[in-house]
Amino acid sequence: MSSRVGRSRSKKTALPPSERQHPRSEDLDLVSTEEVVRRLHQEDEAAVRAVRPALVEVARVARTVADALRAGGRLLYVGAGTSGRLGVLDASECPPTFGASPSQVQAVIAGGRRAMTHAVEGAEDDAEAGAASVSRLRVGPRDVVCGISASARTPFVLGALDEARRRGARTVLVCCNRPGPKAKADHVLLAETGPELVAGSTRLKAGTATKLILNALTTTAFVTLGKVYRGRMVDVRPTNEKLRNRAARMVAELTDLSPVAAKRLLEQAGNEVKVALAMHFTGLSAKDARRRLKQTTLRNLAGS
């Protein structure tokens, strides 16, 4: 007797790689929980490997972003669904990590704020809404617009990129499938992650690869801009007890001052770690140290 439970008969060649069925997923609902976790972990490792071929281009884009921010421009992420949420996450982490202005790295998600926690049906299919979001933010030649789309064909994202290019902005596409002719961008950051263990669930391997790329992009840009010194977040804003303790510890570690002396120096610097360090390295007042930091880097002031 033949089984009435059939296997997937979709034409794999008609689907983008991220939508196809994974060759090791057919029995996923039959194996042990430990085996499911093990396979997911193996896919995460594959996501890391998939990012590696894009590293040179990621570095190139990071330099472009750093140049844009230095000139008063912005980095704008545009995405839908998981891709959009990852953009919002990365943008929201830049101010507390690097002391960046919230205006420097912004994110737009198809469907608006509600789409952060709810599926907004059809929002990703609206190319005109994507273009309108770029227009509403008055994107211009000093800005970098980074579209995030695992499929490389989300209309909302492609509409935003087209409008950004029309306005003279630099454009980037982060994707996990090779883009087609409709996807036009100055730079493509491609991580070919392939099929997901749960077919089409790009919150898995594709999401992991995307998060890795966004982490590298903004972290490298802000390191280039002098927001990190000897591996420390020296522009952190100490807005709570944990961050105040971290700030004082950084000053102590980087100056060899006692904890009490480091805290006193930090207070004199208005609780700005970078200013406190510049004061220590140069003997200048807080006001003069801030002025020097606009002209040079901590490395130069420290003489190393």
Side-chain angles (χ1 to χ4, degrees), residues 58-79 83-109 113 116 133-134 136-148 164 169-172 174 187 189 210-240 242-247 249-251 254 266 269-278 286 289-301:
V58 170
R60 186 174 292 117
V61 173
R63 287 193 292 270
T64 298
V65 171
D67 290 343
L69 297 178
R70 190 181 289 112
R74 300 166 293 176
L75 170 62
L76 174 65
Y77 288 131
V78 181
S83 294
R85 295 181 192 104
L86 289 170
V88 172
L89 174 62
D90 195 69
S92 66
E93 292 286 357
C94 289
T97 304
F98 302 112
S101 165
S103 66
Q104 287 184 295
V105 183
Q106 301 181 44
V108 171
I109 182 170
R113 185 172 298 178
M116 282 297 297
S133 68
V134 167
R136 190 162 51 248
L137 286 169
R138 298 181 180 179
V139 166
R142 292 192 299 179
D143 299 320
V144 177
V145 175
C146 179
I148 311 170
R170 300 288 291 179
T171 54
V172 183
V174 177
H187 304 275
L189 304 181
T210 297
K211 181 67 165 63
L212 291 171
I213 289 173
L214 301 187
N215 279 352
L217 190 61
T218 47
T219 301
T220 303
F222 281 113
V223 168
T224 301
L225 291 171
K227 298 289 187 176
V228 175
Y229 173 67
R230 291 176 60 183
R232 275 81 160 188
M233 297 183 289
V234 290
D235 266 323
V236 66
R237 295 176 181 174
T239 55
N240 58 41
K242 179 186 77 173
L243 294 179
R244 283 191 288 272
N245 290 336
R246 179 184 293 168
R249 187 169 63 251
M250 278 192 284
V251 173
L254 294 169
L266 189 59
N271 288 318
E272 296 178 53
V273 173
K274 186 184 283 185
V275 174
L277 294 173
R290 286 191 187 91
R291 185 181 299 117
R292 286 293 302 278
L293 283 169
K294 292 180 180 180
Q295 302 166 348
T296 188
T297 66
L298 271 179
R299 281 282 179 184
N300 288 335
L301 294 181

key: Intermediate values then yes/no, side-chain contact (heavy atoms from CB on, under 4.5 Å), Arg299 and Tyr229   = CA-CA 7 Å; Arg299 281 282 179 184; Tyr229 173 67; 3.8 Å; yes
Check against side-chain contact (heavy atoms from CB on, under 4.5 Å), Arg85 and Ile109 = CA-CA 7 Å; Arg85 295 181 192 104; Ile109 182 170; 3.7 Å; yes
task = Would you check, one step at a time, whether the test side-chain contact (heavy atoms from CB on, under 4.5 Å) holds for Val58 with Thr220?
result = CA-CA 9 Å; Val58 170; Thr220 303; 5.7 Å; no
request  = Go through Lys211 and Leu89 one step at a time and tell me if the side-chain contact (heavy atoms from CB on, under 4.5 Å) criterion holds.
outcome  = CA-CA 9 Å; Lys211 181 67 165 63; Leu89 174 62; 3.4 Å; yes
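One finds the CG atom of Leu277 at 5.5 Å from the CG atom of Leu254 (value rounded to the nearest 0.5 Å). Summarising the geometry, atom OG1 belonging to Thr219 is positioned 10.0 Å from atom CG belonging to Leu214; distances are rounded to the nearest 0.5 Å. Rounding to the nearest 0.5 Å gives a distance of 9.5 Å between CG of Leu69 and NZ of Lys227. Of the inter-residue distances, the one linking Leu75 atom CG with Ser103 atom OG reads 11.5 Å to the nearest 0.5 angstrom. Once rounded to the nearest 0.5 Å, the distance linking CG of Leu298 with CG of Asp235 reads 8.5 Å. A distance of 11.0 Å separates CE in Met250 from CG in Asn245, rounded to the nearest 0.5 Å.
The two residues Arg142 and Ala68 make their nearest non-hydrogen contact at O-CB, 3.4 Å. For Val139 against Asp143, the heavy-atom pair with the smallest separation is CA-OD2, 3.4 Å. Taking both residues in full, the closest heavy atoms of Ala221 and Val65 are given as CB-CG1, 3.9 Å, listed atom of the first, atom of the second, then distance. Closest of all the heavy-atom pairs between Arg74 and Arg138 is NH2-O, 3.3 Å. For Pro96 against Val236, the heavy-atom pair with the smallest separation is O-CG2, 3.5 Å. Here the shortest heavy-atom pairing between Val275 and Ala286 reads CG1-O, 3.9 Å.
When side chains are defined from C-beta on, Met116 counts as touching Val88, because their heavy atoms get closer than 4.5 Å. A 4.5 Å side-chain heavy-atom check between Val228 and Val234 finds every atom pair outside the cut-off. Counting heavy atoms from C-beta outward, Tyr77 and Ile148 have side chains that approach closer than 4.5 Å. At a threshold of 4.5 Å between non-hydrogen side-chain atoms, the residues Thr224 and Arg63 do not count as touching. Within the 4.5 Å cutoff, no side-chain heavy atoms of Val145 are placed close to those of Arg170. In this structure the side chain of Cys146 never reaches within 4.5 angstrom of the side chain of Leu76, judged on heavy atoms. For the pair Val172/Val144, a side-chain contact is recorded, criterion being any heavy-atom separation below 4.5 Å from C-beta on. The shortest side-chain heavy-atom distance between Leu217 and Phe222 does not fall under the 4.5 Å cut-off.
Checking side-chain atoms of Thr297 against main-chain N and O of Leu293 turns up no donor-acceptor pair under 3.5 Å.
When the shell of 6.0 Å around CZ of Arg292 is examined, it contains 12 or fewer heavy atoms from other residues, nucleotides or ligands. Around the CZ atom of Arg290, the shell of radius 6.0 Å holds more than 12 heavy atoms that belong to other residues, nucleotides or ligands.
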